[in-house]
Amino acid sequence: MRNIHAGKSIRRAAGGLLALAAFFVPAPLATASGTHRDDRSPVIRLPGATGAEGIAAGEGSTFFAGDRLNGNIFRGDITTGSARLFIKAPEGRAALGMKVDRDHDLLFVAGGATGQAYVYDLETKTTVKVYELAPAGTSFINDVTLTRDGAWFTNSRAGELYRIPLSRDGKPGEVRTLALGAPAGTVDDGFNLNGIAAADEGQKLIVAHTGRGALYAVDPEDGSNKKIDVTDASGAPVTLANVDGIVVRGSTLWAVQNLSNQVSRIELNGSLGRGHVEEAITSKNFDVPTTAALFGDTLALVNAKFTTPAATSFEAVLVKACSGG
């Protein structure tokens with residue numbers, strides 16, 4: 001998957017080894033501290049940002065983060081601990097969930113209430129294409145994931161996904177709408193589908209439902225789906241309150257829970273029917289984190305600060321992806 005493996009064969013092999021390691025090495029149930037034990041700063045400022053929502057891993061230690069309110073894109077580095085404005089978006093755009101296609105140096109961005117999705121060329125910083133996925137004002141294009149042959153977007157106000165195909169030479173094609181069956185496709189009041197990630201080598205998609213605090217495994221061919229039964233160490237059902245963005249590597253899923261100021265690390269079974277919470281990752285630097293990007297054993301998250309409407313600064317926060325890692 002382009003959001004997990006790089007384009008060159010060596011990077012693909014390394015990604016495969018990481019996925020296998022995540023699948024076979026269990027981790028103890030614990031609560032992880034957000035404190036880093038290296039020389040990196042755990043907080044990276046996004047200079048000039050007026051909001052934050054999405055973050056995506058680029059090449060190496062590079063990340064991209066978006067300004068939720070004006071669509072601007074920042075580029076940063078988790079090693080140097082710095083970031084700067086990278087793309088100044090045209091007026092009227094927004095930036096929520098995002099993913100980098102490293103094979104073709106493309107950035108896919110969800111446009112929130114605009115109903116749009118954007119594709120940017122990371123080499124030229126230009127807009128490749130703007131997609132009208134759903135009507136503005138009555139939709140909320142919230143997050144995106146990549147598979148080998150395209151990008152999938154969620155709409156928090158409709159029980160459907162949108163697929164933008166991508167050719168082998170990196171040209172995005174015409175969008176297709178996939179209606180989801182029940183239970184994931186049933187629309188409730190408030191926020192519905194939110195985070196999305198590819199699993200099982202892109203054969204399945206996993207979507208997070210904010211209002212229900214639930215995860216669903218989706219067949220991308222026909223939209224059929226099933227709830228993933230999440231439990232704690234005792235086997236009791238777990239509701240993932242305020243679930244937002246999700247990240248999947250191998251059999252491990254990280255669920256960002258925004259207003260809960262934590263990330264639940266969940267181990268999934270092979271059929272994606274069940275999962276159990278291994279630990280809750282917290283940090284004193286969290287201020288309503290929304291989405292995450294994975295760099296080896298490090299998670300980078302952005303603070304949306306939804307409970308601080310007068311916030312004048314926004315940042316990315318680094319935490320350990322696993323207390324044993």
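Index from 1, following the sequence.
A 4.5 Å side-chain heavy-atom check between Leu299 and Leu318 finds every atom pair outside the cut-off. The shortest side-chain heavy-atom distance between Thr62 and Arg75 falls under the 4.5 Å cut-off. Contact check for Val128 versus Leu106: side-chain heavy atoms found under the 4.5 Å cut-off. With a 4.5 Å cut-off on side-chain heavy atoms, Leu253 and Leu215 count as touching. Taking 4.5 Å as the limit, some side-chain heavy atom of Thr291 sits within range of a side-chain heavy atom of Val302. Proximity of Ile73 to Met98: side-chain heavy atoms (C-beta onward) are separated by under 4.5 Å at one or more points.
Listed by first and then second residue, the ring-ring contact (aromatic ring centres under 6.0 Å, His included) pairs that reach into residues 167-218 are Phe140-Phe191, sequence neighbours excluded. Among residues at least two apart or in separate chains, there is no ring-ring contact (aromatic ring centres under 6.0 Å, His included) pair with a member in residues 271-297. The list of ring-ring contact (aromatic ring centres under 6.0 Å, His included) pairs with a residue in residues 233-252, not counting sequence neighbours, is empty. Pairs passing the salt bridge (Lys or Arg N to Asp or Glu O under 4.0 Å) check and including a residue from residues 169-179, sequence neighbours excluded, read Lys129-Glu174, Asp169-Lys171. Residue pairs meeting the ring-ring contact (aromatic ring centres under 6.0 Å, His included) criterion with at least one member in residues 149-186: none, sequence neighbours excluded.
Qualifying salt bridge (charged side-chain N to carboxylate O under 4.0 Å, His left out) partners for Arg212, counting only residues two or more places apart in sequence or in other chains: Asp188. Not counting sequence neighbours, the partners of Phe86 by the ring pair (Phe, Tyr, Trp, His ring centres under 6.0 Å) test are Phe64. Among residues two or more places apart in sequence or in another chain, the side chain to side chain donor-acceptor pair (under 3.5 Å) test is passed with Tyr120 by Arg93. Annotation: side chain to side chain donor-acceptor pair (under 3.5 Å) contacts of Ser224 (sequence neighbours excluded): Asp222.
By the neighbour-count criterion of 12 heavy atoms within 6.0 Å, atom NZ of Lys227 is sparsely surrounded, having that number or fewer from other residues, nucleotides or ligands.
Counting side-chain heavy-atom gaps under 4.5 Å among Ile, Leu, Val, Met, Phe, Trp and Tyr, Phe314 is found in no cluster with other residues.
Side-chain contact check for Asn142 and Ser156: at least one donor-acceptor pair (N or O, by modelled atom type) lies under 3.5 Å.
Here the side chain of Asp77 pairs a donor or acceptor atom with the backbone of Thr79 at under 3.5 angstrom. Of the possible donor and acceptor atoms, one in the side chain of Asn303 sits under 3.5 Å from a partner among the backbone N and O of Asp287.
With values rounded to the nearest 0.5 angstrom, Asn261 atom CG is found 9.5 Å from Thr282 atom OG1. Leu107 contributes atom CG, which lies 10.0 Å from atom CG of Asp101 (distance to the nearest 0.5 angstrom).
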Side chains of residues 43-56: which donor-acceptor partners sit under 3.5 Å, not counting sequence neighbours?
{"residue": "Arg45", "atom": "NH1", "partner": "Glu315", "partner atom": "OE1", "Å": "2.9"}
{"residue": "Thr50", "atom": "OG1", "partner": "Asp67", "partner atom": "OD1", "Å": "2.9"}
{"residue": "Thr50", "atom": "OG1", "partner": "Asp67", "partner atom": "OD2", "Å": "3.0"}

Between side-chain atoms of residues 235-247 and protein atoms elsewhere (two or more places apart, or another chain), which donor-acceptor pairs fall under 3.5 Å?
{"residue": "Asn242", "atom": "ND2", "partner": "Ser260", "partner atom": "OG", "Å": "2.9"}
{"residue": "Asp244", "atom": "OD1", "partner": "Asn194", "partner atom": "ND2", "Å": "3.3"}
{"residue": "Asp244", "atom": "OD2", "partner": "Asn258", "partner atom": "ND2", "Å": "2.9"}

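Look at Glu123 and Lys125 and you find no salt bridge, because none of the NZ, NE, NH1 or NH2 atoms lies under 4.0 Å from a carboxylate O.
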